[in-house]
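One structure is given here, and the rest of the page talks about it.
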Amino acid sequence: AGSSPRLVLPYIRSKSHYKSVITDVPFWKGHLRALCKAHSLPLTPNSVIRSPVPIGTHPVFIIDESYVIKLFCHARQGAATFVIELYLAQLLATTDLTVLPRKIAVGKLHDFEPYFNPEDDLHKEMMVASENCKHPADSYYLDPAWDWPFIVTNFMAGVPLQVLRKDLTVSELGAVMLQFGGILARLHNITAKDIDLDPPPRVLPDFFRDFISKRKEDLPATLQKWKSMPAAMWPAAIAYIPENMDDIVDLDAARFVFLHTDAHEDHILIDPSTHAVTGLIDFGDAMLGPPIYEFIAVHICALRCDKGLLVDLLLGYTMARPPPGVGNLSLEQARHIVCSTPLGMPMPVFVRHCMHLVLLNEFNRLNTAEEGYQIDFSRISSMDDLATRMWDLSRLDLVLPIILCDAAVTF
């Protein structure tokens with residue numbers, strides 16, 4: 001059995017097993033060593049290997065604070081995530097944005113069978129650990145045909161905003177968001193270039209319209225499944241979405257941009273000394289779509305629905321990416337735009353479009369327990385009231401009622 005090439009691949013038996021080994025360096029060390037040898041990446045017996053904090057969806061290992069190896073698990077939508085991350089890695093390599101990760105290597109663990117020696121002590125230990133695994137087998141996770149694709153990128157210094165935010169004042173956090181808004185603007189200015197990869201479905205011009213149409217169709221079932229707002233509000237939430245697709249959001253593909261879509265506080269890296277934004281990571285949910293969609297995750301998941309911080313974010317964005325026909329803006333000129341016509345829309349349109357995209361989002365954005373707070377729906381009178389409190393930047397006095405809680409960790 002030891003010489004069977006398929007058995008050298010990571011042997012994941014179940015969700016509970018995956019959860020127990022996702023950051024277990026000894027479990028993965030043989031695979032990491034084979035990968036590094038194949039790509040001439042430095043890895044010595046004294047190398048420091050660690051996983052980032054917080055833990056993500058896929059196995060990620062930082063080697064000597066120099067480079068990062070991310071493997072993709074099939075049971076965690078690894079096939080689709082790998083394709084989109086690889087495409088974005090190729091695309092981002094054409095830019096000069098140093099806060100975005102740079103691809104160093106790409107491949108599949110299955111390609112490295114020649115680098116494994118069945119008589120190697122480390123390999124023997126890996127096989128024994130797999131064979132003695134006490135977790136019950138689950139065919140959804142136990143897929144011997146999975147090739148375990150990976151991407152290696154440069155290491156980006158800094159700590160996640162989630163870790164640092166407790167040490168930041170509101171003013172300091174506002175300054176961070178002003179920077180980050182400029183970074184998002186530069187990301188949105190990236191245009192498709194000729195790269196040696198077919199674009200995945202999520203970055204095709206027709207994808208977003210079809211995506212929103214399907215989310216609209218599924219909204220009643222989604223509300224029932226997610227249960228992130230009181231059942232009494234579900235009929236109002238369904239009625240809040242217009243019948244006409246073009247009234248939901250601007251669906252003109254000519255104005256679409258490359259979106260990260262999940263820029264929450266785990267994915268924004270900050271220098272703890274200077275508070276400079278040093279990285280935006282994890283592009284596995286990227287897509288082509290209208291710029292407004294980007295701000296849903298940031299506002300809810302990174303800003304905790306603080307509209308003052310959203311103004312700072314949009315100030316940075318607007319100054320770096322002014323509306324068409326507008327030249328360089330001063331801070332006060334940008335503030336006037338943000339508080340009256342954010343992203344070039346009248347405020348009532350901006351508010352409704354944002355609320356539409358909360359309800360039709362790919363992720364359960366109203367379940368905010370993971371971000372350390374919950375919306376107090378008992379103090380919300382209607383969908384319009386919820387939308388105004390979340391998104392109306394001309395009414396900073398109307399705030400969203402929230403209850404702080406310990407951040408929930410889910411897997």
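Since this is a predicted model, take the numbers as computed values, not measurements. When reading the values below, keep in mind they use all heavy atoms of this one structure, side chains included, and skip hydrogens, waters and symmetry mates. Here, residue 1 is the first one in the sequence, and each next residue gets the next number.
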Quiz item: Of all residues at least two apart in sequence or in a different chain, which pass the side chain to side chain contact (heavy atoms under 4.5 Å, CB included) check with Ala263?
Solution: Phe180, His260, Leu280, Val298

Quiz item: Can you check whether Asp271 reaches Val159 side chain to side chain, under 4.5 Å on heavy atoms?
Solution: no

Exercise. Quick one: which residue pairs count as a side chain to side chain donor-acceptor pair (under 3.5 Å) with a foot in residues 316-334, not counting sequence neighbours?
Key: His188-Tyr317, Asn189-Arg321, Tyr317-Arg321, Ser330-Gln333

Quiz item: Taking only residues at least two apart or on different chains, which pairs with a member in residues 52-74 satisfy salt bridge (charged side-chain N to carboxylate O under 4.0 Å, His left out)?
Solution: Arg50-Glu65, Lys70-Glu85, Lys70-Asp282

Self-check item: Note, Val358 side chain near Asn361 side chain (heavy atom, < 4.5 Å)
Solution: no

Quiz item: Of all residues at least two apart in sequence or in a different chain, which pass the ring pair (Phe, Tyr, Trp, His ring centres under 6.0 Å) check with Tyr67?
Solution: none

Quiz item: Does the pair Asp210/Lys214 count as a salt bridge with the N-to-O cut at 4.0 Å?
Solution: no

Self-check item: Side-chain donor or acceptor of Thr341 paired with backbone N/O of Pro346 under 3.5 Å
Solution: no

Would you tabulate the side-chain donor-acceptor contacts of residues 394-401 under 3.5 Å, counting partners in other chains and residues two or more places apart, or write 'none'?
| unit_1 | atom_1 | unit_2 | atom_2 | d |
| --- | --- | --- | --- | --- |
| Ser394 | OG | Asp392 | OD1 | 2.6 |
| Arg395 | NE | Asp397 | OD1 | 3.0 |
| Arg395 | NH2 | Asp397 | OD2 | 2.8 |

Quiz item: Can you check whether Phe150 and His58 have ring centres sitting under 6.0 Å from each other?
Solution: no

Practice problem: Sequence neighbours left out, what pairs pass salt bridge (charged side-chain N to carboxylate O under 4.0 Å, His left out) with at least one residue falling in residues 156-170? | Solution: Arg165-Glu265

Self-check item: Contact list for residues 233-252, test salt bridge (charged side-chain N to carboxylate O under 4.0 Å, His left out), sequence neighbours left out
Solution: Arg209-Asp246, Lys216-Glu243, Asp250-Arg255, Asp252-Arg255

Quiz item: Residues two or more places apart in sequence or in another chain: which of them pass ring pair (Phe, Tyr, Trp, His ring centres under 6.0 Å) with Phe256?
Solution: Phe208

Self-check item: Qualifying side chain to side chain donor-acceptor pair (under 3.5 Å) pairs with a residue from residues 221-236, counting only residues at least two apart or across chains
Solution: Ser228-Asn364

Quiz item: Can you name the side chain to side chain contact (heavy atoms under 4.5 Å, CB included) partners of Ala320, sequence neighbours left out?
Solution: Ala185

Quiz prompt | Residue list, salt bridge (charged side-chain N to carboxylate O under 4.0 Å, His left out) with Asp206, at least two apart or on another chain | solution = none

Quiz item: Would Asp385 and Arg379 pass as an ion pair if we require N to O under 4.0 Å?
Solution: no

Exercise. Return each pair, listed once, that meets side chain to side chain donor-acceptor pair (under 3.5 Å) where at least one residue sits in residues 299-308; pairs must be two or more places apart or across chains.
Key: none

